[in-house]
*Asks:* 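Please see the structure below; I have some questions.
For ligands, and for the atoms within them, numbers begin at 1 and follow the listed sequence.
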Amino acid sequence: MRLDPTCDLVDDARQVSRTRAGLGSGLEIVIPGPLKDIWTNVPVEEDFAARSPYLLVKDGSGYEIRDGRSGAGYSVRIPPEPRWYAARTSRGTEMRRVGVLQGTYLGIYISNACLYWYSSPPQNCAFCTTGSNVGVNEMASKHLDDVVEVCRAAKEESGVTFVHFNSGYQAGRDLEQAAPYVQAVKERVGALVGVQLMPTPELWKYDQLIDLGADHFSFCYEFHNPEYFARYLPGKQKTVGQETFFRALEYTAKLLGKGAVSGEIIAGVEPVEDTLRAIDYITSVGAFPTVCVFRPVIGADMESHPVPRYEDMRPVFEHVYEACKRNGIPIGVAPNIEVSLICQPDDTRYLAHPGPTTWIYETQLKLMRRVARPIFRRKIARRTARAGPGALERVC
Ligand code: SF4
């Protein structure tokens with residue numbers, strides 16, 4: 001999207017934040033709609049954005065996107081920066097350097113930058129910019145007390161219900177590093193806790209992490225086609241392998257039940273048929289697909305890779321809805337979790353093909369939302385972990 005000079009984003013918007021893999025490197029906007037509002041993160045700084053037909057204009061106190069092809073315009077909301085971003089923890093750390101809102105949830109990168117960036121030659125994923133971001137825009141390693149205070153501020157001031165911990169490759173210590181954070185948020189703050197880490201073949205560790213408080217796991221295997229996986233994810237190919245992602249995804253989906261685990265993939269690089277196969281596979285094991293549209297981020301190895309075409313992406317997202325419906329995956333049931341970096345399955349309801357199966361699925365979802373309310377209320381409350389802090393350290 002292009003920005004008109006009328007825009008006053010310094011005062012009105014969340015700062016464009018170049019953190020982690022770089023997928024959040026755009027402007028957060030909310031597109032209001034009758035089924036639900038859609039939160040999205042729009043690239044505005046990359047070269048390809050300058051060629052976009054979409055122009056963001058400030059009109060009075062509101063914002064509007066104008067489509068240069070048709071002349072159509074529609075209102076959007078620009079979520080402001082939360083006040084707590086500028087506050088400091090009792091240890092003196094600026095809160096925005098500990099965690100950031102990505103949509104309505106709090107994302108925290110828990111530890112030092114991904115080790116794929118430090119091997120020689122580097123084995124980083126080709127679309128990623130983590131190596132140049134962590135430590136520059138946010139703290140390289142997060143103190144437990146800082147994390148707790150930031151989660152508390154995000155919960156109290158921004159109504160956050162979901163905290164998502166994420167980390168790059170940590171040489172097999174990935175889950176161990178996350179464990180104390182998961183436990184602390186569950187016990188000292190109270191929130192739904194998600195974990196996105198490199199998968200492990202030691203599947204028992206997932207049981208322990210659930211006992212400590214994890215409610216959700218997501219597995220970024222990015223490409224379903226094994227050749228693309230190997231070509232663009234050299235570190236993941238060498239140290240973990242695609243099969244480990246699949247086994248961990250299947251295991252945790254079985255443990256946590258339908259709709260609690262996600263498989264994260266990138267659309268727009270591998271052939272669309274492979275992306276559709278990924279969506280079918282993920283939903284067939286009871287997980288939900290989180291699909292990122294490929295973004296050639298400034299500074300990534302794939303910076304000059306072509307951007308995907310709208311015509312190719314639309315069927316992908318139609319397929320997300322149809323596959324979730326076919327497999328009875330509960331979507332949009334958890335309270336107040338809007339994700340801007342990926343397209344949530346719930347967002348694809350706008351692309352549903354009308355008919356009796358859609359009507360039945362939508363009715364079931366409505367019911368599930370009602371039934372799930374008290375369950376989520378309990379899950380969001382503070383509670384003591386069922387496992388001790390050393391749960392993941394046992395020798396197996
Ligand atoms: S695992 Fe890949 S995408 Fe994740 S931080 Fe490391 S290089 Fe980036």
*Asks:* Does a side-chain N-to-carboxylate-O contact under 4.0 Å join Asp146 and Arg97?
*Replies:*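 The answer is no: the pair does not qualify as a salt bridge.
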
*Asks:* Would you mind running through ligand 1 and noting each atom that sits below 4.0 Å from a heavy atom of Tyr116?
*Replies:*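 Going through ligand 1 atom by atom, the ones under 4.0 Å from Tyr116 are 1 (S), 6 (Fe).
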
*Asks:* Please state whether Lys236 comes within less than 4.0 angstrom of ligand 1, counting heavy atoms only.
*Replies:*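 Yes; Lys236 lies near enough to ligand 1 that a heavy-atom distance drops under 4.0 Å.
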
*Asks:* Using the six-membered ring of Tyr228, assess whether NZ or CZ of Arg231 lies under 6.0 Å from its centre and within 45 degrees of the ring axis.
*Replies:*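 Judged by the rule, Arg231 and Tyr228 form a cation-pi pair.
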
*Asks:* Do Glu318 and Arg314 meet the salt-bridge criterion of a basic N to acidic O distance under 4.0 Å?
*Replies:*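 Counted as a salt bridge, because a side-chain N and a carboxylate O are separated by less than 4.0 Å.
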
*Asks:* What atoms in ligand 1 come closer than 4.0 Å to a heavy atom of Tyr109?
*Replies:*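 Counting atoms of ligand 1 from 1, those under 4.0 Å from Tyr109 are 5 (S).
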
*Asks:* Give me the ring orientation class for His305 and Tyr232: parallel if the planes are under 30° apart, tilted from 30 to 60°, perpendicular past 60°.
*Replies:*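 It falls in the perpendicular class, over 60°.
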
*Asks:* Of the backbone atoms (N, CA, C, O) and the side-chain heavy atoms from C-beta on, which set of Tyr232 has a member under 4.0 Å from an atom of ligand 1: side chain, backbone, both, or neither?
*Replies:*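 Neither; nothing of Tyr232 gets under 4.0 Å from ligand 1.
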
*Asks:* Mind checking whether Phe245 and Tyr221 have parallel, tilted or perpendicular rings, split at 30° and 60°?
*Replies:*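 Rings of Phe245 and Tyr221: tilted, as their planes differ by 30° to 60°.
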
*Asks:* Using heavy atoms and a 4.0 Å limit, tell me yes or no: is Met198 in contact with ligand 1?
*Replies:*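 Met198 counts as a contact of ligand 1 under the 4.0 Å cut-off.
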
*Asks:* What are the atoms of ligand 1, with element, lying closer than 4.0 Å to any heavy atom of Trp117?
*Replies:*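 Answer, ordered by atom number: 7 (S).
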
*Asks:* Does Cys114 put an N, O or S atom under 2.8 Å from atom 6 (Fe) of ligand 1?
*Replies:*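 A backbone or side-chain N, O or S atom of Cys114 is under 2.8 Å from atom 6 (Fe) of ligand 1.
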
*Asks:* Would you mind telling me if ligand 1 is within reach of the side chain of Asn124, the backbone, both or neither, using heavy atoms under 4.0 Å?
*Replies:*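 Asn124 to ligand 1: contacts from backbone and side chain alike.
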
*Asks:* Check each atom of ligand 1 against the heavy atoms of Phe127 and keep those under 4.0 Å away; list them by number with element.
*Replies:*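 Heavy-atom distances to Phe127 below 4.0 Å select 3 (S).
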
*Asks:* Is any NZ, NE, NH1 or NH2 atom of the basic residue among Glu81 and Arg14 found under 4.0 Å from an Asp or Glu carboxylate oxygen of the other?
*Replies:*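 Salt bridge between Glu81 and Arg14, a charged N being under 4.0 Å from a carboxylate O: no.
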
*Asks:* Assess whether salt bridge (Lys or Arg N to Asp or Glu O under 4.0 Å) is satisfied between Asp145 and Arg188, documenting all intermediate values.
*Replies:* CA-CA 10 Å; Asp145 292 336; Arg188 294 166 61 188; 3.1 Å; yes

